[in-house]
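Reading through the structure tokens given below for one structure.
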Amino acid sequence: MNDNLKSDLMEKIVALCKRRGFIYPGSEIYGGLTGTWDYGPLGALLKKNIKDEWWKSTVQLRDDVVGVDAAIMMNSAVWQKSGHLEAFTDPLVECKICHQRFRADKEDEIREHEKTHKEKVGWTSPQKFNLLVKAYLGIIEGEQSEIFLRGEITQGVFVNFENVVSSTRVKIPFGIAQMGKAFRNEITPGNFTFRSREFEQMELEFFIKPIEAEGNKWFEYWKNQRIKWYQDLGIKKENLRFRKHEEKEKAHYAKVAEDIEYEAPFGWSEFEGIHHRGDFDLSAHNLSYVDEDGNKFTPWVIETSGGVDRSLLFFLLDAYHEDGNRVVLKLHPKLAPYKVAVFPLLANKEDLVSEARKIYKTLQQDMMVAWDDRGNIGKRYFAQDEAGTPFCVTVDFQTLDDKTVTVRDRDTAKQERIAIEKLKNYFSEKLK
Ligand code: ATP
């Protein structure tokens with residue numbers, strides 16, 4: 001990415017997201033709610049496609065992984081046993097000049113803030129700040145119980161470990177996958193959706209025998225699987241890297257931790273963590289496993305913990321291209337919100353509209369299809385390029401004679417004539 005493009009890329013992405021309906025600020029008409037975001041029509045589709053692809057590769061195509069969907073609200077004992085009440089903290093410091101609060105471990109953010117003051121900045125000493133979000137459950141005021149919204153979705157898997165083992169035929173090594181919302185009282189939400197207070201995770205907990213060699217093998221295996229998944233969906237290799245956690249930054253449950261990072265305009269940033277959690281969680285919940293030979297042990301866990309919102313942001317940043325005055329989102333076809341857009345050349349010609357409508361309705365059986373009959377064809381192409389739609393189909397006067405349409409490719413802007421009856425096969429081939 002060249003430096004000119006990089007410097008204002010975030011602004012362009014934020015503006016594009018709002019303009020085209022990918023992402024809006026949460027509760028915007030009431031002045032917003034810091035750290036929350038709402039996904040619009042295009043964003044909801046993109047998010048769904050990311051989650052579907054993750055589920056397909058992690059659960060559907062594997063014999064050794066099953067999925068669950070656990071409750072967001074959990075008994076507070078879970079968080080006490082898992083160590084989150086005690087240790088799910090970030091170090092908070094306050095600027096002594098303006099009293100703004102920051103995370104002491106985010107040195108770049110601290111340095112950036114110091115530049116905003118002319119005087120030398122003094123900081124309070126770091127205080128542990130717990131990130132769990134509290135809620136109150138129950139109908140009688142005063143008798144409500146305090147609960148915590150889940151700060152990571154992981155615990156929903158661990159508390160169901162025995163249920164899954166006894167209700168399915170899984171045998172170690174095996175994994176339990178889950179996607180869903182998590183909530184954190186982040187000290188410094190920011191960089192658009194990158195650090196939010198409500199976000200979605202996609203996680204795999206993979207249970208293995210508690211042997212060092214097994215731990216290393218599966219840790220490396222999952223690292224490679226996960227980085228390959230992002231590359232296969234189009235993120236450029238040079239924008240991805242692994243970064244191993246230093247001892248002092250490791251989460252309370254982690255034996256080893258490495259992040260997959262993306263080179264965002266605001267610097268290399270984590271969007272998935274690969275963690276060797278050892279037997280930390282199952283031991284904490286007093287859970288174990290009995291193998292076919294009757295041996296009882298506490299399995300170790302290799303975890304892959306990705307953020308749906310951060311991936312989505314990075315897929316957008318990586319796909320953003322400018323080609324003259326054309327903005328193109330070169331999203332992988334599997335992720336593109338709409339796969340095809342169908343246009344009648346002229347909106348006021350009955351025959352063209354009805355032919356285009358037929359094609360639109362037929363294609364809709366298999367995929368998300370956009371319809372546009374406003375303005376001229378050039379404008380419609382531009383609008384679809386910005387939305388990341390891989391193909392546009394135009395029904396013109398020739399269509400009425402020979403039953404062919406123009407298909408235009410988003411990335412090359414090349415057009416070709418395809419017979420209507422061949423469209424379905426054409427797209428199923430091209431959109432793989
Ligand atoms: P960071 O230090 O950047 O806040 P983390 O190390 O606390 O992240 P993990 O607890 O490892 O993050 O969570 C796993 C994944 O969940 C992250 O890689 C990220 O994709 C996502 N995630 C975590 N916190 C947030 C957040 N506040 N907003 C959006 N996504 C998040």
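In this chain, residues are counted from 1 in sequence order. Each ligand, and each atom within it, is numbered from 1 in the order the structure gives. On a predicted model such as this, the values are computed, not experimentally measured, just so you know.
- The protein heavy atom nearest to atom 1 (P) of ligand 1 is R195 NH2, 3.7 Å.
- The nearest protein atom to atom 14 (C) of ligand 1, hydrogens excluded, is given as S305 OG, 3.0 Å; this is a heavy-atom distance.
- Nearest protein heavy-atom neighbour of atom 21 (C) of ligand 1: G307 CA, 3.8 Å.
- Taking the six-membered ring for Trp, F194 and F266 have ring centres closer than 6.0 Å.
- Every atom of ligand 1 with a heavy atom of F271 under 4.0 Å away is listed here by number and element: 18 (O), 20 (O).
- More than 12 heavy atoms of other residues, nucleotides or ligands shown are found within 6.0 angstrom of NZ on K330.
- Taking the six-membered ring for Trp, F206 and W218 have ring centres closer than 6.0 Å.
- Using a 4.0 Å cut-off to heavy atoms of R103, the atoms of ligand 1 that qualify are 2 (O), 4 (O).
- The distance between the ring centers of F271 and Y230 falls below 6.0 angstrom.
- The salt bridge (Lys or Arg N to Asp or Glu O under 4.0 Å) test with E272 singles out one residue from K223, R226, R243, and that residue is R226.
- Set against the non-hydrogen atoms of S196, the atoms of ligand 1 under 4.0 Å away are 26 (C), 27 (N), 28 (N), 29 (C).
- For residues 151-165, every residue pair satisfying the side-chain hydrogen bond (donor to acceptor under 3.5 Å, both in side chains) rule, not counting sequence neighbours, is listed here: H84-E152, E152-T154, E152-Q155, E152-R277, T154-E203, T154-E303, Q155-D281, Q155-H285, N160-N163.
- With atom 7 (O) of ligand 1 as the reference point, the heavy atom nearest to it among R184, Q201, E270, E303 is part of R184.
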Residues F192, M10; criterion side chain to side chain contact (heavy atoms under 4.5 Å, CB included); working and verdict | CA-CA 8 Å; F192 196 24; M10 276 307 279; 3.8 Å; yes
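- In this structure, H245 does not count as a contact residue of ligand 1, since none of its heavy atoms falls inside 4.0 Å of the ligand.
- For atom 22 (N) of ligand 1, the choice among F199, F314, F88 with the nearest heavy atom turns out to be F199.
- Of all the atoms in ligand 1, the ones that sit under 4.0 Å from a non-hydrogen atom of K106 are 2 (O).
- In summary, the aromatic rings of Y289 and F207 are positioned with their centroids too far apart to meet the 6.0 Å limit.
- Nearest non-hydrogen protein atom to atom 29 (C) of ligand 1 is F194 O, 3.1 Å.
- Ligand 1 lies out of reach of E152, whose nearest heavy atom is not under 4.0 Å from it.
- For ligand 1, the atoms lying closer than 4.0 Å to a non-hydrogen atom of E272 are 18 (O).
- Contacts between E186 and ligand 1 below 4.0 angstrom, taking non-hydrogen atoms only, involve the side chain exclusively.
- Applying the salt bridge (charged side-chain N to carboxylate O under 4.0 Å, His left out) test to E386 and every residue at least two apart in sequence or in another chain returns R19, R20.
- Counted by atom type alone, W123 and E114 present one or more donor-acceptor pairs between their side chains at under 3.5 Å.
- Those atoms of ligand 1 with a heavy atom of H275 less than 4.0 angstrom away are 11 (O).
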